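See structure below.
All of these numbers come straight from a predicted model, not from anything done at the bench. Just the heavy atoms: all of them, side chains too, but no hydrogens, waters or symmetry mates, feed the values below. Below, read A as the first sequence line, B as the second, and so on, with proteins coming before strands; counting in each chain starts at 1.
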Amino acid sequence: MANISVILCTHNPREDYLQRTVDALRAQTLPLDQWELLIVDNASNPTIETLINITWHQNARLLVESELGKNPALSRGISHSTGVLIVIVDDDNVLDPDYLTNAVAIYEDYPFLGAFGGSMEGEFEVEPPSSITPYLEGLAIRKITRDHWSNAKEWSEATPFGAGMCVRREVAELYFERVRADRMRFALGPRGTSLGRGEDTDMAWTSLLLSKGTGCFARLRATHLISKDRLTEAYVERLYTGFGYADEILAYQHADSSDNYNETALDMVRYWFRYVRASRFGRKILSARRSGQKKARETLLKMPAVPRLMSFELGSFTPRF
Amino acid sequence: MKLSAIICTHNPREDYLRRALEALCSQTLPFSDWEFLLIDNDSDEPLALRVDLSWHPGGRHIREEELGLTPARLRGIAEAVGDLLIFVDDDNVLQRDYLETALRISVTHPHLGAFGGSIEAKFEVEPDPRLESLLPSLAIRGVRDTKWANFGLGSIPYGAGLCVTAKVAQAYAADTSGSEIRRRLGRRGSSLVGGEDLDLAMTSYDLWLGVGLFDELVVTHLIDKRRLSPQYLHRVCVEGNYSFNIVRYLRTGIAPRHRGAIGSVMDSLKRMVRICLGQPWTPAEKARRQGERRAARDIRLLQMKRKIEIQTM
């Protein structure tokens, strides 16, 4: 029977959201002796010790990581964990009761997948403005109706999001090995933007280095609690700037061959064609993405020659998806 | 029996078929692990009279009278006893370790229902460089790394050297013999409409299996000089795109966009922009559009016919 570790990283959480996240873990159908719970308090002020009760779980621990950032927090959690499968939960992810049971089943049935995730539904504190509804995928909301798995990066249907992502231990360990190696390399280099999903994708794609694939499964379901301050145009725009940045960096890091960053005239025409046809907010998103990409290109140009297929930390803090 | 290699052929070019057979003869996989079926698809002179298969203890001649690659393949599927079927064309030269590698992949990747590899071309005469963009429609492809998925069209193997598990092949046979449209897909005589390879590989998806491409598998496609004429290349490209769109529609319900009057105007505008930017359409893009338009038209007809059927029912 597979032994799994659930790692919940949190930084200054919203009390009610964290409570619901923990309650959902408590309601899991997987017997408690088959999984352990590690809660990582990532430099919260005040600490979360008093907020939550984990005495219901025999294998639960509360860890503290003082270096701010999702990667340091996860790294701390993983180094203290023992499971063969690691489930990464954020402090606003309410898992369905059968989530862990299904994750174990998938782990056993699909030995060729290194990382996998599932559907994420949104629960909004307030009704999102209609202009941002087409871009809610940026808030890690996605509906999966059919199982998709693949070992190719270019087909995003099979790339899991960070929220609720299940990773094989060997993949997670390899990822952190690489991040540590690169952190030294980039200690003096520029630090990316503060928003972006870079590190999730990077971790999922690390599977490929072990000749494994990634997948998304319809039977893994969770709910993402979204507070009203995230449902503003400004936040979503900032999010997409981060995506543009992360996409460009990831494309470079995991590139197969081409290192051509120059936009051709045709790309420009395509961009403006799309721009003109987009809605008012769509235009903002397009230009936000583009500015992120530009920033990434500038960053890459300023950097000394970087060996390919090296991952490095994207920003010191990424939002909790 | 672990593996069945199947060649379907109709009036083959003798030297090409000989080279294809020689390549099979020199495979590293011992003969005891595989059988070989030569399906003579209604050739004018029966192949059993002129092709010697005594070099392979498990070699068999089979004659299929119904003309068409799909009927020939169905016959092969019915006769084969291997767990993995490898379809080879009469102008395909397999690399020496092809069968061995394919068998190994089927063991290490039990989640794949169909897979293939790189297809390299060997031209009888050097092709015209202006037609270079059309060459991929001759099913030439380089695979640089391993790629597999249980969705999409990006990792679907082509027909040359196609490896299919017996389970998928049988499911395909069961589906296809009952469906007139799917049976009609596929090259027949001089018609170049393909799509049957795609249909066969995509049957994996129905069985919750994936499809993949592997760089270790290499097959050489011998290309006759007749096939390098601009007319032939153009036709292959148009009909290839046509059948691709039809299969995609049958499988996923995604039809190519039907371009009305405004669409045509927009297309000409785009074309002008491309010319102004110094990147005019390549012959392949032209042919692709032509195939797409033809498929859109036929799919619309099909949809209308269905609508009428539903209304009159």
Side-chain angles (χ1 to χ4, degrees), chain A residues 105-117 142-160 204-205 207-219 254-258 260 262-274 276-277 308-309, chain B residues 104-116 141-157 201-202 204-216 251-254 257 262-263 265-267 269-282 285:
Chain A
I106 293 168
Y107 171 83
E108 279 166 0
D109 293 349
Y110 296 83
F112 52 90
L113 298 184
F116 51 88
R142 105 201 288 198
K143 189 155 177 59
I144 288 155
T145 48
R146 180 187 178 282
D147 296 351
H148 284 123
W149 44 256
S150 170
N151 77 337
K153 297 176 286 247
E154 56 267 46
W155 309 317
S156 58
E157 293 99 317
T159 306
W205 284 356
S207 311
L208 309 180
L209 300 177
L210 295 170
S211 306
K212 289 189 185 298
T214 60
C216 289
F217 290 84
R219 66 191 121 131
H254 291 261
D256 292 324
S257 61
S258 152
N260 176 21
N262 298 325
E263 270 185 326
T264 63
L266 194 61
D267 289 333
M268 286 282 271
V269 171
R270 279 200 190 116
Y271 172 79
W272 287 111
F273 191 67
R274 239 186 272 162
V276 170
R277 283 164 38 134
R308 278 295 158 75
L309 278 168
Chain B
R104 201 189 64 230
I105 290 170
S106 76
V107 173
T108 54
H109 294 72
H111 54 286
L112 301 183
F115 53 89
R141 93 192 312 174
V143 174
R144 258 180 305 163
D145 44 16
T146 303
K147 216 177 241 189
W148 41 258
N150 74 337
F151 61 91
L153 299 161
S155 59
I156 294 184
M202 283 176 93
S204 303
Y205 294 167
D206 303 342
L207 302 175
W208 305 105
L209 295 168
V211 298
L213 294 172
F214 293 82
D215 53 352
E216 306 110 280
R251 288 241 153 226
T252 64
I254 300 171
R257 203 143 47 105
I262 295 172
V265 173
M266 287 305 284
D267 267 0
L269 268 176
K270 269 193 208 162
R271 200 167 163 175
M272 255 143 68
V273 169
R274 289 284 298 266
I275 291 167
C276 294
L277 290 171
Q279 296 174 322
W281 283 353
T282 57
E285 278 175 295

Between A/W149 and the options B/Y205, B/W148, B/F151, the ring-ring contact (aromatic ring centres under 6.0 Å, His included) test singles out B/W148

Which bit of B/T146 is near chain A, if near means a heavy-atom gap under 4.5 Å: side chain, backbone, both or neither? both

Is it the backbone or the side chain of B/L112 that comes under 4.5 Å from a heavy atom of chain A, or both, or neither? side chain

Given the rule in the side chain to side chain contact (heavy atoms under 4.5 Å, CB included) test, do A/T214 and A/K153 qualify, once you have shown the distances and angles that lead to the verdict? CA-CA 9 Å; A/T214 60; A/K153 297 176 286 247; over 6 Å; no

Given side chain to side chain contact (heavy atoms under 4.5 Å, CB included), test B/H109 with B/F115 step by step and report yes or no. CA-CA 10 Å; B/H109 294 72; B/F115 53 89; over 6 Å; no

Please look at A/F273 and chain B and tell me whether the side chain, the backbone, both or neither of the residue comes under 4.5 angstrom of a heavy atom of that chain. side chain

May I ask you to decide whether B/R104 forms a salt bridge with B/E216, counting only side-chain N to carboxylate O separations under 4.0 Å? yes

Between B/K147, B/K270, B/H111, which has the largest tally of heavy atom pairs under 4.5 Å with chain A? B/H111

